[in-house]
Amino acid sequence: MIIAFICRAILLGVPLLFGSVGEIITEKSGHLNLGIPGVMYVGGISGVIGSFLYENACGNDIANMNPFLAVCIPLLCSIIGSVLMGLIYSFFTVTLRANQNVTGLALTTFGIGLGNFFGGSLIKLVDSEMPSIALTKTSSFFTTKLPFADSLGFVGELLFSHDFLTYVAIIIAVAATIVLKRTRVGLNLRSVGENPATADAAGINVSSYKYLATMIGSAVAGLGGLQYVFAYANGVWSNNAFGDRGWMAIALVIFALWNPSLAIAGSFLFGALCNANNYIQGLGTETQELFKMLPYIVTIIVLVFTSMRKKREHQPPESLGLSYFREDR
Amino acid sequence: MAKIALELKNITKTFGAKVIANKDVNLTVYQGEILSILGENGSGKTTLMNMIAGIYFPDEGQISVNGEEAVIASPKDAFSYGIGMIHQHFKLVDVFTAAENIVLGVNDGKYNLNKSKEKIKEICSKYGFSLDLDKKIYTMSVSEKQTVEIIKVLYRGADILILDEPTAVLTPQETSKLFDILRNMRNHGKSIIIITHKLNEVMEISDRVAVLRKGESVGVVNTADVDPHKLTELMVGDKVELNINRTTPKNVSDRLVIKGVTCYNREGVKLLDDVTFTAKAGEILGVAGIAGSGQRELLESIAGLQKLQSGEIIYHNPKTGKSENLRDKTPMQIRNLGVRLSFVPEDRLGMGLVGNMDIIDNMMLRSYRRGKGMFLRRKKPKNLATEIVERLQVVTPSVNTPVRRLSGGNVQKVLVGREIASSPTVLMVAYPVRGLDINSSYTIFNLLNEQKEKGAAVIFVGEDLDALLELSDRIMVIGSGRITGTVDARSATKEEIGLLMTKSTKEGGEDNE
């Protein structure tokens, strides 16, 4: 049962991991993208649209589907959708220097509305009994386990039984850490987020770093929405089922102290807390609801602790949330 | 003669239509020399250097580097010509280490911090720097940060280094260490330009001195051929008649007695050092000094905005005849004591007015406590605003215009107008005519005179010595947080004040020897 609990926690945690790594990359350029929940939602629905079209093109017969295309089409659609969201955000905040919080919140509302519109339309198209659309065939390709996972007992289940996006998430998180800490690109990006005037004077193109970081960050975050639909929900899309995972991803950024590697552990912890109520015996419905608050309580505690600790390395990038324009020097 | 490293020909730079920062400046810098750029506040030293460093672009004129014409449009261009500037405000990323800051933005092959560190260490040992490359900037002292900035410039291969008032933030020991390094760099053939207004340092470090006055170059001399007196003369120039009306003070009495005021900033640097003086009613006390010598802190101490380490600020109330100590009181407490203190700070839109609020609301910032009941009464402040706009000829579409949209001179009129409307007994003004045209300046001067005649004690912090000499009754000179002298404005000369302004730094130099 412990193994099942951990696996479930990881499954629940991966969307948060994608979301927070994407947000960390964005924040390192000095932009607080509160549109991440919307971006993740769009990432999910874009993947659903892609998969829906491909399943229909194959006559809804799994035998006709090419496993590679069945995975790549939704993946590509998801990335395109979320990068476009990131582009909107960066155009407003970098080029037009609009207020980042307002833009971000608007983007969240927009993204969720957009997702619900297309989700609702698809549900209408298939004329489903339920207010949802099931793309289980595509989902089965997403959740294919590694071939040797079953033969290795609980080790196999713990380490190798997950959907491939889980591994992608961990690889991206580790890679992001290495890029940020060990490369010139990472150094330049961090300097842009800390002190854009200094970066500018050193000859770094501040705007293009901000654009790229926001768009790459959005692409990564959008994969969280995709993973949620096809791995966690087994390909079933219903409007608003994604819930507040986007906000938890942003909270996780703070929990992880802007370190993508720490976000890996943090996301699994958040996943475990989300799920704890199902694994404790004899809980009434009302206590179950109380247990569902746990991740939020932990977030608040982390917020309190991080603002109390004054270590500079653990603080957000210094110019986070501030627009930069050169004439201001 | 050595080879020419940098040549400026007829450089002119204006800001807006009226402000001429530099006019027809010619300057030659040789390889392997230290050149000082000397001038008063606002004489265009920093603007000139910023044009060489690629921050501003000259309107007219030509810059050549090593004999070839150069177009310097950005700091990056400047680096490509081997020019690097160390600004007064350091451009460093706080959470990065020294090494990370130094290599930032330099593309020299594969990113390898350890290899870069070797290169930095070579530079350090060549010129005699000592620096821990793995130390984070935010844990560093000002002098260490400056070292990082200098190495950063050298790492980019600069042959011409410009330092903007490098010693302003350093202790005497750190200064002499910096000078050793500068001499070392000169001996390695680098050209070094220092912007400064400390005469003793000019004499100590430089080979030649270029003097700027009001944006124009008034001469380049060999340091060996001059003495501080001659330099002061060049720097302040001849007296200019302004014809400001000055009346003889009447009914002069002590209003504000400052005794032994000392205060430190957060880093523990002394900002005011045992300041003692008296501001008298019916008199304008001018305060002269190099920018950042403690003028701001002095006024803020009196206004109740500075925490003092020691000292007393005694106020003699003309109505009750009582004396009050204003030390450690908040502005509100001071006001509740019945002290009518008005303060026109140097940062008009930061401390004086709220830029996004209109003139009426800005009037209410001073009177909002007078209202009774829940709602604001805008009638009285509106009348006051209208009166000020009419009397001082403030150019504004209406009294409902946000003050941010007014020009600098009109903003100042609104602020001064509000401050004198409460008929103050003490009026403090800091750089009231900075950035103002001639007519607005005279309006402000007349207002100050008017207040003096009404019996207020006026403290006027200024930078233009001509204006100080013609408006004030007495002039107090402040240098490095100390009062270096008080003179009678009717008999003093510009040169006398100029020497007093640089006096305390001279003493600092002597302490060192």
Side-chain angles (χ1 to χ4, degrees), chain A residues 24 27-30 99 175-210 212-213 256-259 262 306 309-322 324-329, chain B residues 15 46-47 50 53-57 72-81 83-116 134-140 145 148-149 152-153 155-158 164:
Chain A
I24 288 170
E27 287 195 16
K28 282 291 179 187
S29 76
N99 180 300
T177 313
I178 293 170
V179 169
L180 283 173
K181 286 203 173 145
R182 297 275 152 90
T183 67
R184 177 171 291 135
V185 174
L187 184 75
N188 291 357
L189 176 62
R190 282 189 289 140
S191 75
V192 167
E194 292 288 342
N195 194 336
T198 298
D200 197 17
I204 294 165
N205 189 334
V206 174
S207 292
S208 63
Y209 265 92
K210 282 173 179 269
L212 280 175
L257 306 170
W258 290 267
N259 180 343
L262 275 181
T306 44
R309 283 195 307 181
K310 283 278 184 281
K311 204 169 175 213
R312 285 293 290 270
E313 283 83 356
H314 295 161
Q315 296 298 313
E318 208 173 306
S319 69
L320 183 65
L322 305 174
Y324 171 68
F325 47 119
R326 185 183 281 176
E327 290 77 13
D328 234 16
R329 69 170 113 230
Chain B
F15 292 104
T46 304
T47 310
N50 277 340
I55 288 172
Y56 299 138
F57 196 77
I72 305 170
S74 71
K76 218 179 171 180
D77 289 350
F79 278 129
S80 69
Y81 286 112
I83 300 168
M85 180 156 170
I86 291 103
H87 297 269
Q88 249 178 312
H89 302 284
F90 302 136
K91 288 185 187 297
L92 296 170
V93 179
D94 275 353
V95 290
F96 283 14
T97 63
E100 282 174 328
N101 265 295
I102 290 165
V103 303
L104 183 67
V106 183
N107 271 316
D108 51 354
K110 209 172 152 284
Y111 180 73
N112 183 339
L113 204 56
N114 286 329
K115 228 170 102 188
S116 304
D134 294 318
K135 204 167 170 184
K136 294 268 165 87
I137 299 296
Y138 68 88
T139 61
M140 286 185 172
K145 287 181 192 172
V148 176
E149 282 279 19
K152 196 170 141 185
V153 166
Y155 186 80
R156 282 161 170 73
D164 191 354

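In what follows, chains are A, B, ... by sequence order, proteins preceding strands, each numbered from 1.
When side chains are defined from C-beta on, B:Phe96 does not count as touching A:Asn195, because their heavy atoms never get closer than 4.5 Å. Between B:Glu149 and B:Asn101, the closest side-chain pair of non-hydrogen atoms is not below 4.5 Å.
Nearest heavy atom pair, residue B:Ala78 against residue B:Ala53, reads CB-O, 3.4 Å.
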Evaluation steps, side chain to side chain contact (heavy atoms under 4.5 Å, CB included), between B:Val148 and B:Ile102:
CA-CA 7 Å; B:Val148 176; B:Ile102 290 165; 4.0 Å; yes
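Between chain A and the residues B:Leu113, B:Val95, B:Leu104, the largest count of heavy-atom pairs under 4.5 Å involves B:Leu104.
At most 12 heavy atoms of other shown residues, nucleotides or ligands fall within 6.0 angstrom of atom NZ in B:Lys115. Within a 6.0 Å radius of NZ in B:Lys136, other residues, nucleotides and ligands contribute more than 12 heavy atoms.
Looking at B:Asn107, the atoms closer than 4.5 Å to chain A (heavy atoms on both sides) sit in the backbone and in the side chain alike.
Residue-level contacts of residues 177-189 of chain A with chain B, in order of numbering, are A:Arg182, A:Thr183, A:Arg184, A:Leu187, A:Asn188; threshold 4.5 Å between heavy atoms.
Within the model, atoms CZ of B:Phe79 and CZ of B:Arg156 stand 5.0 Å from one another, a figure rounded to the nearest 0.5 Å.
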